[in-house]
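See structure below.
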Amino acid sequence: MENINKKLMKLAIEATEFAYVPYSNFRVGAAILAKNGKIYTGCNIENASYTPTNCAERTAIFKAVSEGVTEFKKIAIVGGPNGNLLESCSPCGVCRQVIAEFVDKDFEMILGNSEDNYTVYKFFVDIFPFSFTKDDLNKK
Ligand code: THU
């Protein structure tokens with residue numbers, strides 16, 4: 001049976017080819033698996049004005065949400081300078097917050113640098129504990 005984690009890693013690595021990074025030269029790729037089985041990929045997209053830069057994770061998740069897909073199971077993320085993928089490329093705080101909006105406690109994050117070298121993390125336990133989410137808005 002096909003290993004979905006390996007497949008997501010492969011797609012995330014492939015997505016780095018499209019990274020638009022004339023300023024940092026730091027390529028990031030992401031592949032997110034929706035609960036409906038579809039996979040959306042994304043790369044980082046930089047801008048001469050710097051702050052409009054969109055990270056790879058958000059590109060992937062926004063592509064999905066813009067097509068009506070809002071529930072996800074797991075995401076693979078890779079990245080590094082000059083095409084040299086880091087052992088592990090940790091998502092920025094903004095991306096963690098955006099991801100948190102659309103995922104539940106079982107969501108997994110896969111970080112690594114090849115189809116054979118990655119670690120699977122529990123998002124809300126290992127990556128984004130003590131987060132603020134929509135659940136907090138309804139607390140009394
Ligand atoms: N970047 C991402 O795409 N994802 C992250 O989570 C961290 C940072 C991008 C933004 C920018 O284009 C480059 O990496 C350097 O910060």
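None of the values given here were measured: they were computed from a predicted structure. One is the number of the first residue; the rest follow in order along the sequence.
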Ring geometry between F107 and F123 (parallel below 30°, tilted from 30 to 60°, perpendicular above 60°): perpendicular
Exceeds 12 heavy-atom contacts within 6.0 angstrom, atom NZ of K6: yes
Which atom of P91 lies closest to which atom of M109, heavy atoms considered: CG-SD, 3.6 Å
Cluster link L11 to L86, ILVMFWY, side chain under 4.5 Å: no
Exercise: do S90 and R96 side chains pair donor with acceptor under 3.5 Å: yes
Non-hydrogen atoms of M9 and E115 that approach each other most closely: CB-CA, 4.2 Å
Expected output: side-chain E57 to main-chain C95 donor-acceptor under 3.5 Å: no
Heavy-atom check, side chain of I77 versus side chain of S88, under 4.5 Å: no
Side-chain heavy-atom pair P22, E46 within 4.5 angstrom cut-off: yes
Chi angles and distances behind the side chain to side chain contact (heavy atoms under 4.5 Å, CB included) call for T70, V65: CA-CA 5 Å; T70 57; V65 174; 4.2 Å; yes
Results of side chain to side chain contact (heavy atoms under 4.5 Å, CB included) for K74 - residues two or more places apart only: I4, N5, L8, L33, E108, I110
Backbone of N84 reached by a side-chain donor or acceptor of N82 within 3.5 Å: no
Verify same cluster id: V103, F62 (apolar side-chain graph, 4.5 Å): yes
Which atom of I32 lies closest to which atom of I61, heavy atoms considered: CD1-CD1, 4.0 Å
Under 3.5 Å side-chain donor-acceptor pair for T41 and E14: no
Minimum heavy-atom distance between V78 and C89, given as atom pair plus value: C-CB, 4.0 Å
K63 atom NZ, neighbour heavy-atom count above 12 within 6.0 Å: yes
Worked verdict on F72 versus I99 for side chain to side chain contact (heavy atoms under 4.5 Å, CB included): CA-CA 9 Å; F72 304 97; I99 289 167; over 6 Å; no
Any donor-acceptor pair under 3.5 Å from T16 side chain to G29 backbone: no
Table please: side-chain donor-acceptor pairs of residues 124-135 below 3.5 Å, with sequence neighbours left out.
from: D126; atom 1: OD2; to: K122; atom 2: N; distance (Å): 2.7
from: T133; atom 1: OG1; to: D135; atom 2: N; distance (Å): 3.3
from: K134; atom 1: NZ; to: E101; atom 2: O; distance (Å): 2.4

Heavy-atom closest contact (C55 atom, C92 atom, distance): SG-SG, 3.9 Å
Heavy-atom side-chain proximity of N117 to E87 below 4.5 angstrom: yes
F18 atom CZ, neighbour heavy-atom count above 12 within 6.0 Å: no
Gap separating the NZ atom of K10 from the CG atom of N3, nearest 0.5 angstrom: 13.0 Å
Minimal non-hydrogen separation, S114 against I13, with atom names: CA-CD1, 3.8 Å
Flag, side chain of N44 to backbone of V21, donor-acceptor distance under 3.5 Å: no
T53 and Y23: CA distance, side-chain angles, deciding distance, side chain to side chain contact (heavy atoms under 4.5 Å, CB included) verdict: CA-CA 10 Å; T53 292; Y23 308 106; over 6 Å; no
